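Below, each value reflects all heavy atoms present in this structure, side chains not excepted, and no hydrogens, waters or symmetry copies. Owing to the predicted nature of the structure, the values given are computational and were not obtained by experimental measurement.
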Amino acid sequence: MKNINVKAVMCLGVIGFCFSLVAAQTPGNWPQWRGPNRDGKSTETGLLKQWPTEGPPLIWKAAGAGSGYSSLAISDGRLYTMGLRGDREYVVAFDVSTGKEVWATVNGRAYRDSRGDGPRGTPTVDGNNLYVLGGNGDLSSLEARTGRVLWTMNILQKFGASNIGWGISESPLIIGDRLLVNAGGPGASIVALNKKDGTLIWKSQSDKAGYSSAMPVQIGNTTQVVFFTQERGLGLDLKDGKLLWQYPRAANDTANVATPVVRGNRVFISSDYGTGAGLVEIKADGSAQEVYFTKEMRNHHSSSILVGDYLYGFSSGILTAMRFDTGEVAWRDRSVGKGSLVYADGHLYALSENGVVGLIEATPTAYHEKGRFRIKQESLPTWTHPVIAGGRLYLRDQDTIYAYDVRER
């Protein structure tokens, strides 16, 4: 996983399928949460190194996404997201050229909360299909072209779980023929479903669900799936759900949200609420050992991004550069204010909770900002994470989606 341009293909002969674990980014595509490899990084080049004073040019602005914090998945000329309209959550597809709505499909009843109504997870595109998980646990497979529902279930009802404090927020992970989610039920915390029809392949553990989304890790001949539940980080065998290791130290009692960061056999797990982060190394036998623990990187809702040897992330409200293998801090800066990040072409794109957008050079030497602007914000925080695809920066604030041209002229 050190280079996202390298495709690693593994076969699990025992259960008879092959899958691509690390995918090269197709130009213009961002098919799932945090991009092609769920690491927050785009492979695109030829992007602006300095923004104009007013920010990059706006290509289009579209209403109709609905209420919610779902981020965006982009594939083959379509942009997919989820939002609340009235008393129903919807999956919505837009044309990336024009911003016009293509279709909208109901995906369960409304999730409501004082900190914002609507869905939180991001759609996952896999081939011709789309997989979505709503704020109340409504999990569906849809035909990406038309929005037709192929199958649907409520994972909370199916696996005997209760919703978590701020609503189910996970984005489904697809590996081969399997769809994996943290359902949070007794004996069914983590479930692997057949992506074609939703039938159960295996279930494992009894942790309540966290707000985090899973990552795959390849250790020798074993593919592990790493989850950050309400109680701990853990690694399970993809084949049968067997628990291989656990790491509770980076968990807090309030909300574990950030996606784990993976490089080789090392996994970085972080949370806020005064907790911190730990780097664990997975051994050849599948077990894991802590390399270090630090309070210098406390990721809240935004995961860190690994560029070269350095992690860049919001430690609570402070943008921080930290060496991945040692936890040594290179710099800290208040930047645009607490928010979320995406990376492309040597730069970080930061979106604050207050609608401020910044371009920052991804270097451990010092904080170098290359421009900023602001989007109009509704009454709630700007918590939807940004996306880079096809030379564009996509932003969302509740019902509104923005597409900016960030290509060099």
Side-chain angles (χ1 to χ4, degrees), residues 30 33-34 51 54-74 79-96 98-101 104 106-123 132-136 165-169 171 211 255 257 272 300-302 314 316-317 334-342 349-359 371-389 392-404 406:
W30 188 270
W33 168 243
R34 304 194 78 217
W51 284 346
E54 67 279 8
L58 178 66
I59 301 172
W60 54 255
K61 173 184 173 182
S67 302
Y69 296 117
S70 296
S71 189
L72 318 169
I74 297 172
L79 180 153
Y80 304 97
T81 192
M82 295 191 289
L84 176 64
R85 296 175 173 180
D87 62 353
R88 296 289 181 183
E89 292 187 356
Y90 280 78
V91 187
V92 189
F94 295 86
D95 187 305
V96 297
T98 63
K100 295 186 180 301
E101 182 179 309
V106 172
N107 185 56
R109 60 186 175 85
Y111 174 78
R112 298 195 183 279
D113 184 82
S114 61
R115 296 297 288 162
D117 299 334
R120 283 92 162 96
T122 300
V132 297
L133 181 58
N136 280 309
W166 291 293
I168 294 293
S169 303
S171 304
Y211 300 87
V257 189
D272 203 352
H300 185 204
H301 66 84
S302 175
F314 284 97
S316 196
R334 292 192 176 276
S335 186
V336 297
K338 182 180 179 180
S340 53
L341 292 172
V342 69
Y349 294 71
L351 172 63
S352 84
E353 295 180 344
N354 298 317
V356 180
V357 192
L359 182 68
R372 66 167 63 191
F373 67 99
R374 182 187 291 271
I375 61 172
K376 185 178 180 181
Q377 185 184 26
E378 295 186 23
S379 59
L380 294 165
T382 315
W383 278 340
T384 297
H385 292 202
V387 164
I388 297 285
R392 296 178 179 182
L393 167 65
Y394 292 92
L395 306 172
R396 176 183 174 183
D397 179 54
Q398 296 295 323
D399 190 61
T400 307
I401 299 174
Y402 302 83
Y404 292 90
V406 292

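In this structure the side chain of R109 reaches within 4.5 angstrom of the side chain of R88, judged on heavy atoms. Looking at V387 and R396, their side chains never come closer than 4.5 Å, going by heavy atoms from C-beta outward. E101 places a side-chain heavy atom less than 4.5 Å from the side chain of V92. Side-chain contact between E353 and F314: absent, with no pair of heavy atoms (C-beta onward) separated by less than 4.5 Å. The closest side-chain heavy-atom distance from L393 to W51 is below 4.5 Å. H385 has its side chain within reach of W33: a pair of non-hydrogen atoms, C-beta onward, lies under 4.5 Å apart.
Rounded to the nearest 0.5 angstrom, T384 OG1 and L351 CG are separated by 8.5 Å. Taking CE from M82 and OH from Y111, the interatomic distance works out to 13.5 Å, rounded to the nearest 0.5 Å. Summarising the geometry, atom OG1 belonging to T400 is positioned 11.5 Å from atom CG belonging to L395; distances are rounded to the nearest 0.5 Å. To the nearest 0.5 Å, the span separating CG on N136 from CD1 on I168 amounts to 9.0 Å. One finds the CZ atom of R85 at 7.5 Å from the CG atom of D399 (value rounded to the nearest 0.5 Å). Distance check: Y394 OH to L79 CG gives 6.5 Å after rounding to the nearest 0.5 Å.
The main-chain N or O of R120 is never found under 3.5 Å from a side-chain atom of S169 such that the two would form a donor-acceptor pair.
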Passes side chain to side chain contact (heavy atoms under 4.5 Å, CB included), F373 versus Y404? Steps please.
CA-CA 12 Å; F373 67 99; Y404 292 90; 3.5 Å; yes
Would you please test F94 and L72 for side chain to side chain contact (heavy atoms under 4.5 Å, CB included) and show each step?
CA-CA 10 Å; F94 295 86; L72 318 169; over 6 Å; no
Worked verdict on W60 versus R392 for side chain to side chain contact (heavy atoms under 4.5 Å, CB included)
CA-CA 11 Å; W60 54 255; R392 296 178 179 182; 3.4 Å; yes
Does W30 form a side chain to side chain contact (heavy atoms under 4.5 Å, CB included) with V342? I'd like the steps, not just the answer.
CA-CA 12 Å; W30 188 270; V342 69; 3.4 Å; yes
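Applying the side chain to side chain contact (heavy atoms under 4.5 Å, CB included) rule to S67 yields the partners L84, Q398; only residues at least two apart in sequence or on another chain are considered.
More than 12 heavy atoms of other shown residues, nucleotides or ligands fall within 6.0 angstrom of atom CZ in R372. Counting heavy atoms of neighbouring residues, nucleotides and ligands inside a 6.0 Å radius, atom CZ of R115 does not exceed 12 of them.
Each of V357, N354, T382 was evaluated against R374; a single residue qualifies, N354, per the side chain to side chain contact (heavy atoms under 4.5 Å, CB included) test.
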